[in-house]
Amino acid sequence: MKLSRWLAATAAALTLALSAAAPQSAQAREIVGFAGSYSAGTIVVRTNERSLYYVLGNGKAVRYPVGVGMSGKQWTGSSMITGKYLRPAWSPPAEVKRDKPNMPNVIAGGSPHNPMGVAAMTLAGGEYAIHGTNVPGSVGGFVSYGCIRMLNTDITDLYQRVPVGTTVVVTR
């Protein structure tokens, strides 16, 4: 009898320890209160929260979990969406190729190895994009070379909401 109680207690402690150590899954998109002086239709990314907000106005926004730039790869500032692409092909930028020289020069759109996922929206300057991912566990972390990474279902939702020319503001 003592052994079975000990086993139950050990199993409970192990389950608790493993759940505390496991990465937390990103929360689903939701409409939340939003304070700020941004116009409706603006995209605001708060890298420290790993959240993207699509401002609805009247103190509300749609909040999406995102993956953001890893240490040394983050940026802040204003930009705008300059292009929208479904199932885009991807060519790694020079910095990525330098760090991962065996990476192919082009990864076809729709490939499970394509880091852009189902859709991408490029930002002015051409270096960065807001895009989906085929690695959903990476959303919620500091994981990219500066792009904003979303769940494929979330980039699909945002893609339908915003036109080319939408203002994007990235803050810490």
Side-chain angles (χ1 to χ4, degrees), residues 18-34 36 38 40-57 60-71 73-93 96 100 103-104 106-124 126-172:
L18 288 174
S19 67
Q24 300 299 310
S25 62
Q27 295 177 354
R29 71 177 169 266
E30 60 184 336
I31 296 177
V32 298
F34 185 81
Y38 302 103
T42 302
I43 294 172
V44 178
V45 178
R46 293 183 176 160
T47 58
N48 62 333
E49 295 177 18
R50 288 165 317 284
S51 293
L52 180 151
Y53 295 87
Y54 175 68
V55 179
L56 299 172
K60 300 284 182 194
V62 180
R63 179 176 61 197
Y64 303 88
V66 295
V68 298
M70 55 187 130
S71 181
K73 310 291 185 204
Q74 296 178 8
W75 60 278
T76 59
S78 293
S79 189
M80 73 170 58
I81 293 176
T82 56
K84 294 174 61 174
Y85 308 92
L86 294 173
R87 296 172 46 102
W90 181 71
S91 296
V96 175
K100 301 173 183 179
M103 185 168 282
V106 176
I107 299 176
S111 165
H113 303 292
N114 185 318
M116 303 300 269
V118 298
M121 297 184 289
T122 54
L123 302 177
E127 277 187 68
Y128 304 114
I130 299 170
H131 63 83
T133 181
N134 293 321
V135 184
S138 67
V139 173
F142 297 96
V143 294
S144 75
Y145 277 75
C147 286
I148 308 303
R149 189 178 298 181
M150 301 179 75
L151 298 170
N152 280 331
T153 55
D154 288 345
I155 189 65
T156 300
D157 181 76
L158 184 63
Y159 187 97
Q160 294 170 0
R161 292 177 186 264
V162 301
V164 168
T166 296
T167 299
V168 177
V169 179
V170 178
T171 68
R172 298 244 187 239

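Only heavy atoms go into these numbers, but all of them, side chains included; no hydrogens, no water, no symmetry mates.
There is a side-chain donor-acceptor pair under 3.5 Å between T122 and T82.
Taking the side chain to side chain contact (heavy atoms under 4.5 Å, CB included) definition, one finds that V62 meets it with R29, I31, Y54, L56, Y64, R161, sequence neighbours left out. Among residues two or more places apart in sequence or in another chain, the side chain to side chain contact (heavy atoms under 4.5 Å, CB included) test is passed with R87 by none.
Side-chain contact between P136 and V139 is absent, with no heavy atoms from C-beta onward closer than 4.5 Å. Within the 4.5 Å cutoff, side-chain heavy atoms of I81 are placed close to those of I43. No side-chain heavy atom of M150 sits under 4.5 Å from any side-chain heavy atom of Y159.
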Would L158 and M121 count as a side chain to side chain contact (heavy atoms under 4.5 Å, CB included) if you check the C-alpha gap in whole Å, the side-chain angles of each, and the deciding distance to 0.1 Å? CA-CA 10 Å; L158 184 63; M121 297 184 289; 3.7 Å; yes
Should F34 and V44 be marked as a side chain to side chain contact (heavy atoms under 4.5 Å, CB included) after you check the CA-CA gap, both sets of side-chain angles, and the distance that decides it? CA-CA 10 Å; F34 185 81; V44 178; 4.1 Å; yes
Assess whether side chain to side chain contact (heavy atoms under 4.5 Å, CB included) is satisfied between T166 and T42, documenting all intermediate values. CA-CA 6 Å; T166 296; T42 302; 6.0 Å; no
Evaluate the criterion side chain to side chain contact (heavy atoms under 4.5 Å, CB included) for residue pair R50 and F142; output intermediate values, then yes/no. CA-CA 8 Å; R50 288 165 317 284; F142 297 96; 3.0 Å; yes
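Residue pairs satisfying the side chain to side chain donor-acceptor pair (under 3.5 Å) criterion with at least one member in residues 136-149, sequence neighbours excluded, are listed as follows: D99-Y145, S138-R149.
Judged by distance alone, the side chain of N134 and the main-chain N or O of P115 form no donor-acceptor pair under 3.5 Å. Counting only distance, with no hydrogens or angles, the side chain of S79 and the backbone of A124 share a donor-acceptor pair below 3.5 Å. Between the side chain of H113 and the main chain of I107, no donor-acceptor pair closer than 3.5 Å is present.
Taking CG from L123 and OG from S78, the interatomic distance works out to 11.0 Å, rounded to the nearest 0.5 Å. Annotation: the span from T133 atom OG1 to N114 atom CG amounts to 9.5 Å, rounded to 0.5 Å. Put simply, CG on L52 and CD1 on I155 are 8.0 Å apart, with the number rounded to the nearest 0.5 Å. For the atom pair CE (M116) and OG (S91), the distance works out to 10.0 Å, reported to the nearest 0.5 Å. Atom NZ of K73 and atom SG of C147 lie 12.5 Å apart (nearest 0.5 Å).
Heavy atoms only, all atoms of each residue included: G83 and Y85 are closest at C-CE1, 3.6 Å. Shortest non-hydrogen contact noted between V55 and Y38 is CG1-O, 3.8 Å. Counting all heavy atoms, side chain and backbone alike, V143 lies closest to G67 at CG2-CA, 4.0 Å.
Test L151, L86, V118 against T156 for side chain to side chain contact (heavy atoms under 4.5 Å, CB included) and you get one pass: V118.
By the 6.0 Å contact criterion, CE on M103 is enclosed, its count of non-hydrogen atoms from other residues, nucleotides or ligands being greater than 12.
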